[in-house]
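Read through the structure below, which is laid out as structure tokens, and then see the notes.
Below, chains carry the letters A, B, ... as their sequence lines are ordered, and counting in each starts from 1. Quick caveat: nothing in here was measured; it's all calculated off a predicted structure.
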Amino acid sequence: MTPFEVVDTGARAAGPPPVTPKNLPHRGGEANPSAKALQEKFAGAVKRVEVIWGETVVYLDPASVKDAIGWLHDDTSQQYDYLSDVTAVEYRDAEAPIEVVWHLRSLPFRRFLRIKTELRKGEPLETDSIYDIYRGADWLERECFDMFGIRFRGHPDLRRILMWESYKEGFPLRKDFPLRGRFSRSEQLRQALAQNPEARYSMEELSIADAFAELPEDMRARLNKGGRTGE
Amino acid sequence: MGLTVPGDRSTVSYAPESQEGWVATRLDFLVNWSRANSLWPMPFGTACCAIEFMATAASDFDLARFGMERMSFSPRQADVLICAGRVPFKLAPIIRRIWQQMPQPKWCISMGACASTGGMFDNYAVVQGIDTIIPVDVYVPGCPPRPEGLIYGIRMLQEKVMNERAADTRTRDEMEPDPESQLYIPASVIDELSEPFGNSVHQNRSAP
Amino acid sequence: MSKRTVEVELSTSGLDRHGRPQRVPLVTNDGGTAIALEPPPGVEPDLEGEHMLINIGPQHPATHGVLRLVLELDGETVVRCIPHIGYLHCGFEKIGEYRQYNQIICWTDREDYLNSLGNNVAFALGAERLFGIEITERCKVLRVIAAELSRIMSHLVWLGTFCIDIGAFTPFLWAFQRREEIYRLIEKWVGARLTTSATRVGGMAADIPSGWMDGLRRFTHTFPSTLDEIDRVLTRNAIWVGRTVGLGVMTPAEAVNWGLSGPMLRASGVAYDVRRDFPYLDYETYDFDVPVGTSGDVYDRYLVRFEEMRQSVRILVQAAERLPDGPVNIDDPRTILPPKSKATSEMESMIHHFKVVMEGPRPPIGESYVAVESPKGEKGYYMVSDGTSKPVRWRIRPPSFVNLAAIPKMVEGHLLSDVIAINASIDIVMGEIDR
């Protein structure tokens, strides 16, 4: 097996080797050059750019997030090859929109960029999935869906990951979801114990199991249409 | 054995010791002594307490001297279920299933604050004490308990085992869950056990 | 002895038209003679193997926590693997919204419980970025010591459990014995072995007691010999090499695209270490190497983590030498508790103490993301503040979560026992994955 070539980070980073940042200003400060490049390339989509505690945050229009992130990944002057995180923030203010946050790193340039988009609460919470660009987005987006209810269009298998699939209480990290959950403890326990541990198979698992041929017709039809079983 | 349904108190279910014969008491002693000193644990380790359990099983604290070195990861061959760590609701049917798969005689040690009461996780996701799901014999407090603490709990369990009597026919009764709700104890009791208390009542405002 | 050939006439050839052994249902015609028939179509046995669906976990000794893997096996080869997580989901991020910043430090211990000190340090750094605080020099060096000790502890658990999964039991005992030494050191410092809560926003919970540095020096002197011992037993052991080389290979491009970090990424040849590339706590001033592998397999991950332990010892020795005197905590009574002597004698300090405990320090409105190099990978805490003492959002960027997502890719085509080895090489902590 031929050994891999060692990939050094910072191959295209200019300037001295990185140091621990000190005395960062609260706001203002030097922005990541990619923010300016994004503003030039996607002029209409960039709502605003902020630099907070030395980190550059770019607010984008929800419709152009996938194109912008794709460009950041593919363009040779940006090379954001590493997706660090996909998450969401809901503020305590009921009027404020929910923000979906992407943390991107460029290993060759040693840069860090935060992309945000705002989703209004009255409307369906949907945005595009970047699964095609970064495979690492797979589980991160599933978790975002599980905790906030944000649907990622184009994700191959968007289902709950941390809570069980038939979890009925809602989306835990929303601000209207109480800390202890909506149901009483005994009801939560009852629902939890009603799960059959063996029934937790997804469609793809059952389709490869022998049992598929023996399932009743209507169940097979339902599964073929994308339903779940055992819940 | 843990949370048995309180029976009719007017009935004494085993004969007082003075009426037991010499053979019966010697036999009890032999059986209990063998059981107590060869409890095979089923480490249901989920979180930090599992690491302290591993440290207790390792050389410095050594569970082998108590007969517990043979960790049985198959419940079918285990005696004690040591629930080490927090149990979320998603894991609740699993621990119930594991408990049901263990053959009698079996005991349960709830190790740590999270297994005993839900610990610092008084939220939507965590079972507030595994005794709402399975019957527990010994609770070991701590977050995580020191290995000495766990050993103290194990010694307590050994004492409990030594005090069992073969003539007591109710010791090895399995509690059947309510077929509809799958709960062992009434829902109101579960709610009462899981109520917040102490400081946690004041700490659950999101903003000051 | 003469040979004799006997010719026996068979009523059938024994093979059907597909060349497979013929099933001959015994049917008699009206006359009572047995006649051989072709089996009706559709009833033929499928002699190609069927795929088995096997469930590993969530309760299993080798899954390193409550992980459930559903494997589709063709004989013993894995065709597909579907991991299920969430069995240890305890609502950390939700509860972070209901706790003050100093209280959240207690939760950071429990999340990646093998790296408690490291998580405490990471959180404190993130909170201090959010508050805009510069910590003292002594505090920085103490935090480096804490982070590296934590790295050694985590790698020792990984090593011990990895060995058990492959089948070697003794290194587990050796590793845990060294961990007890570190536990004793940490207990002298902060009072707890595992769930340390050692940092506070703006400083540390406690300064090291006198004589502690001698204990640390003793540890750094004696620990490398244990590493040598384990090295001698494992690294060139034929069984070990045979069980780990060539398994679970991730190419550099795949590793970066899947978001892997830490030793997983470095074993695949990508030299990304947060301490080097996005430094914190003055790591650029310490002299240490970042081990990088070139095969991306389980053996390389083992070598990378092993070497990281040696490098951590190097950093500890340097940190022990350069520990400056001075205060550990910053001198801002609105953020961090004033010294007890002042709090009990001066009115103003007492009020500050009261406010810090009851209400908690308040950062300005904003957000921060600080990533550190945890033993598992890039660990980051993203905090959003709205000016109150409790964060609006506390996000944990879990390295094991993203690393584990790649397991279906890594185990495809391998044998069942290799699945266990590959799973162990990812170094997962379910507490961090499920939070």
Side-chain angles (χ1 to χ4, degrees), chain B residues 42-52 54-62 64 71-75 81 83 85-95 97-98 101 112-114 118-127 142-147 199-200 202-208, chain C residues 57-62 64-66 68 84-92 94-95 97-100 103 106-107 109-114 116 153 157 160-161 172-177 179-181 183-184 187 192-195 358-360 362 386-390 392 429-431 434-435:
Chain B
M42 153 90 220
F44 194 83
T46 44
C48 349
C49 282
I51 307 297
E52 282 297 59
M54 286 182 346
T56 315
S59 351
D60 271 43
F61 294 97
D62 200 15
M71 306 287 158
S72 164
F73 287 94
S74 163
L81 175 77
C83 182
R86 45 199 189 253
V87 175
F89 284 111
K90 194 167 177 180
L91 202 56
I94 314 273
I95 196 175
R97 176 68 63 95
I98 300 263
Q101 284 176 342
C114 297
M120 58 203 294
F121 297 97
D122 190 6
N123 58 25
Y124 63 93
V126 175
V127 172
C143 191
R146 277 197 62 108
N199 273 334
S200 74
H202 303 295
Q203 284 180 11
N204 291 318
R205 294 169 312 210
S206 177
Chain C
Q59 191 279 317
H60 192 273
H64 295 264
V66 281
R68 179 172 174 230
H84 292 257
I85 58 172
Y87 292 96
L88 200 57
H89 174 67
C90 297
F92 276 85
K94 180 79 178 174
I95 221 170
E97 296 167 14
Y98 292 78
R99 296 284 179 270
Q100 304 163 13
Q103 293 173 330
C106 302
W107 268 269
D109 303 324
R110 273 89 177 162
E111 173 244 304
D112 178 357
Y113 35 83
L114 300 176
S116 326
M153 284 213 295
V157 175
T161 49
F172 169 80
L173 295 174
W174 292 338
F176 269 71
Q177 200 169 21
R179 285 192 85 229
E180 287 295 326
E181 267 186 50
Y183 272 165
R184 274 192 279 273
E187 198 177 17
R193 290 154 51 105
L194 188 72
T195 47
M358 293 306 288
E359 194 184 280
R362 296 183 187 202
D386 60 349
T388 59
S389 61
K390 299 179 184 178
V392 167
V429 175
M430 292 314 291
D434 292 335
R435 286 154 285 125

Q.
What I'd like to find out is whether the side chain of M120(B) reaches to under 4.5 Å of the side chain of I95(C), using heavy atoms alone.
A. no
Q. Of the backbone (N, CA, C, O) and the side chain (C-beta and beyond), which part of I98(B) lies under 4.5 Å from a heavy atom of chain C, both, or neither?
A. side chain
Q. Just wondering, do L88(C) and R86(B) contact through their side chains at under 4.5 Å, heavy atoms?
A. yes
Q. If you look at every heavy atom in A55(B) and E180(C), which pair is closest and at what distance?
A. CB-OE2, 3.5 Å
**Q.** Heavy-atom closest pair, residues T195(C) and C143(B)
**A.** OG1-O, 2.8 Å
Q: Take H89(C) and Y124(B), measure what ring pair (Phe, Tyr, Trp, His ring centres under 6.0 Å) needs, and give me the verdict at the end.
A: CA-CA 10 Å; H89(C) 174 67; Y124(B) 63 93; 5.7 Å; yes
**Q.** R97(B) and Q59(C), any side-chain heavy atoms less than 4.5 Å apart
**A.** no
**Q.** Contact class of L194(C) relative to chain B, heavy atoms under 4.5 angstrom
**A.** side chain
Q: Report yes if some heavy atom in the side chain of Y183(C) is under 4.5 Å from a heavy atom in the side chain of E52(B); otherwise report no.
A: yes
Q) Is there a salt bridge (Lys or Arg N to Asp or Glu O under 4.0 Å) between D60(B) and R184(C) once you walk through the steps? A) CA-CA 12 Å; D60(B) 271 43; R184(C) 274 192 279 273; 3.7 Å; yes
Q | Contact class of E187(C) relative to chain B, heavy atoms under 4.5 angstrom | A | side chain
Q | Per-residue contact mode, S116(C) against chain B (heavy atom under 4.5 angstrom) | A | neither
Q: Please look at F89(B) and chain C and tell me whether the side chain, the backbone, both or neither of the residue comes under 4.5 angstrom of a heavy atom of that chain.
A: neither
**Q.** Contact winner vs chain B - G431(C), G86(C), G91(C), C90(C), heavy-atom pairs under 4.5 Å
**A.** C90(C)
Q. Top residue by heavy-atom pair count (under 4.5 Å) with chain C, among P43(B), A92(B), A125(B), A57(B)?
A. A125(B)
Q.
Distance check, rounded to the nearest 0.5 Å: F176(C) atom CZ versus I51(B) atom CD1?
A. 6.0 Å
Q. Quick one: what part of A47(B) sits under 4.5 Å from any heavy atom of chain C, side chain, backbone, both or neither?
A. both
Q: Give a yes or no on whether the backbone of V66(C) and the side-chain of T46(B) come within a donor-acceptor separation of less than 3.5 Å.
A: no
Q) Relative to chain C, which segment of M54(B) carries a heavy atom at a distance below 4.5 Å: side chain, backbone, both, or neither? A) both
Q) Is there side-chain contact between R110(C) and C114(B), with heavy atoms separated by less than 4.5 Å? A) no
